[in-house]
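Here the structure is laid out as structure tokens; the discussion comes afterwards.
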Protein chains: 2
Amino acid sequence: MSQMPDFSVLAATCPSRTSLARIANKWTAMVVSVLGNNGLMRFGDLRTRLDGISGKVLTETLRDLERDGLVTRHVHAEIPPRVEYELTPLGFTLHAPLLALCTWAEEHITEVLASRERYDVRNG
Amino acid sequence: MSQMPDFSVLAATCPSRTSLARIANKWTAMVVSVLGNNGLMRFGDLRTRLDGISGKVLTETLRDLERDGLVTRHVHAEIPPRVEYELTPLGFTLHAPLLALCTWAEEHITEVLASRERYDVRNG
DNA sequence: CAGAATCCTTCACGATACTG
DNA sequence: CAGTATCGTGAAGGATTCTG
């Protein structure tokens, strides 16, 4: 029987926490959700879909996801350049969980906003 | 039939994005996971479980979660003070999704570390 | 087009000290 | 004990410019 080493994100020095920090992140959630919904996508299209993201941040996010093995980068030898990204099988295992977060935010924003208003009235 | 206003986290100015930013966050994931697993918890116990978190950050995280209606704060009139936190019903709807992220990080950290090593060898 | 490089601002976070 | 207040640092993120 294979022995699972017990990693825990609750332990400050556990490497799994660095991975959690990468995936429990708003840009990651949005990138993985969009890539999972659309399959192969160009950098520019991704940038357009993720309204408001800067080129720098998208590049960094994608590079980090690539480094962690969640995204693959396909460079086409063309002019002008075309670079496409897609989820790896590993990355796709995150699609449902991260899409769930995006959906949760959209479905419950009314309740959240109401709660914020109540809180802010009670306090300063 | 009730009409769902179409909020989208992909729209830069949509308020749901502020909510996504709050929940798609490593501290939130850890706090909600631990609170969901243990029910009512004291501040100090929470601080101990979330190894490495500073008091300031835990306080801020809990206050933001309370403001968004995900956590309730119970203050007991005792000396020394005792303050307990628990998930609201709304907050509990996030328990499974956020726990899934923590579990994912732990279960896949070996693959992620291997991918990072390969990436770093190929590049600088 | 897809970035790399640069600069700058803001924020997250930690450490420390203090208080009811 | 559970904070608050203050300060300092590094990282996150944006705007702009440049290039193959």
Side-chain angles (χ1 to χ4, degrees), chain A residues 9-13 17-31 34-35 40-68 71-86 119 122-124, chain B residues 9-10 12-13 17-18 20-31 34-35 40-68 71-86 119 122-124:
Chain A
V9 294
L10 297 180
T13 60
R17 198 179 273 190
T18 68
S19 183
L20 178 64
R22 167 59 32 215
I23 66 178
N25 165 286
K26 85 174 168 177
W27 293 124
T28 296
M30 291 171 62
V31 166
V34 168
L35 276 182
L40 202 63
M41 284 184 80
R42 298 188 61 161
F43 181 88
D45 293 338
L46 212 34
R47 196 188 196 305
T48 302
R49 278 306 286 290
L50 305 175
D51 185 36
I53 196 172
S54 71
K56 180 195 169 201
V57 169
L58 180 54
T59 298
E60 289 169 350
T61 301
L62 287 169
R63 184 165 351 105
D64 289 341
L65 292 176
E66 188 195 1
R67 189 169 101 100
D68 280 11
V71 156
T72 311
R73 182 165 177 269
H74 304 277
V75 183
H76 298 266
E78 301 173 7
I79 292 181
R82 184 167 100 243
V83 181
E84 293 172 309
Y85 295 87
E86 65 177 340
Y119 183 94
R122 275 199 306 275
N123 311 280
Chain B
V9 295
L10 297 181
T13 60
R17 197 180 272 191
T18 69
L20 178 64
R22 167 58 35 214
I23 66 177
N25 166 285
K26 84 175 168 176
W27 292 124
T28 296
M30 291 171 62
V31 166
V34 168
L35 276 182
L40 203 63
M41 284 184 80
R42 298 187 59 160
F43 181 88
D45 293 336
L46 213 35
R47 195 189 196 305
T48 303
R49 279 306 285 289
L50 304 176
D51 185 36
I53 196 172
S54 71
K56 181 193 169 203
V57 169
L58 180 54
T59 298
E60 289 170 349
T61 301
L62 287 168
R63 190 172 337 116
D64 288 342
L65 292 176
E66 188 194 1
R67 189 169 100 102
D68 281 11
V71 156
T72 311
R73 182 166 177 268
H74 303 276
V75 183
H76 299 265
E78 300 173 7
I79 292 182
R82 184 169 98 240
V83 181
E84 294 172 309
Y85 295 88
E86 66 177 341
Y119 183 93
R122 278 198 305 274
N123 312 278

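Note that the structure is predicted; figures quoted are calculated from it, not measured. Every chain is numbered from 1 and lettered A, B, ... according to where its sequence line falls, protein lines coming before strand lines.
The two atoms that bring Gly52(A) and Ala12(B) nearest to each other are CA-CB, 4.1 Å, heavy atoms only. Closest approach of Val34(A) and Leu10(B) over heavy atoms only: CG2-CD2, 3.7 Å.
To the nearest 0.5 Å, atom OG1 of residue Thr72(B) and atom OH of residue Tyr85(B) are 11.0 Å apart. Atoms CG and CG, from Leu65(A) and Asn25(A) in turn, are 8.5 Å apart once rounded to the nearest 0.5 Å.
One interatomic measurement links the two molecules: NE2 of His76(B) to P of dG3(D), which rounds to 11 Å at whole-angstrom precision. Taking atom CG on Asn123(B) and atom C1' on dA4(C), their separation rounds to 14 Å, with Å as the unit. One atom, CZ of Arg63(A), and another, P of dA2(C), lie 15 Å apart when rounded to the nearest Å. The distance between atom CD1 of Ile53(B) and atom P of dA12(C), rounded to the nearest whole Å, is 13 Å. Between the CG atom of Leu58(B) and the P atom of dT4(D) there is a distance of 11 Å, given to the nearest Å. Across the protein-nucleic acid pair, Met41(B) atom CE and dA2(D) atom C1' stand 15 Å apart, rounded to whole Å.
Without hydrogens or angle criteria, Arg17(A) side chain to Val9(A) main chain gives a donor-acceptor distance under 3.5 Å.
Contact annotation: Arg73(A) side-chain N/O to dA2(C) OP1/OP2 distance is not under 4.0 Å.
A heavy atom closer than 4.0 Å to some atom of DNA chain D occurs in no member of residues 42-52 of chain A. Only Pro80(B), Pro81(B), Val83(B), Tyr85(B), listed by number, bring a heavy atom of residues 78-86 of chain B to less than 4.0 angstrom from any atom of DNA chain D.
Pairs of residues two or more places apart, or lying in two chains, that qualify as side-chain hydrogen bond (donor to acceptor under 3.5 Å, both in side chains) and include a residue from residues 52-68 of chain B are Arg116(A)-Asp68(B), Asp120(A)-Arg67(B), Arg22(B)-Asp64(B).
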Glu84(B)/Arg82(B) under side-chain contact (heavy atoms from CB on, under 4.5 Å): CA gap, chis, key distance, verdict: CA-CA 7 Å; Glu84(B) 294 172 309; Arg82(B) 184 169 98 240; 3.7 Å; yes
Candidate pair Val31(A) and Leu58(A), rule side-chain contact (heavy atoms from CB on, under 4.5 Å), full reasoning: CA-CA 9 Å; Val31(A) 166; Leu58(A) 180 54; 4.1 Å; yes
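Across its full length, the helix from dC1(C)-dG20(D) to dG20(C)-dC1(D) shows an angle of 50° between the axes of its 5 terminal pairs at either end, rounded to 10 degrees.
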What donor-acceptor contacts under 3.5 angstrom involve side-chain atoms of residues 41-50 of chain B, with partners at least two apart or in another chain?
| from | atom 1 | to | atom 2 | distance (Å) |
| --- | --- | --- | --- | --- |
| Arg42(B) | NH2 | Pro81(B) | O | 3.4 |
| Arg47(B) | NH1 | Ile53(B) | O | 3.4 |
| Thr48(B) | OG1 | Gly44(B) | O | 2.9 |

Each nucleotide N or O in nucleotides 6-13 of chain D that has a protein N or O under 3.5 Å away: list the pair and distance.
| from | atom 1 | to | atom 2 | distance (Å) |
| --- | --- | --- | --- | --- |
| dG13(D) | N7 | Lys56(A) | NZ | 2.8 |
| dG13(D) | O6 | Lys56(A) | NZ | 3.1 |

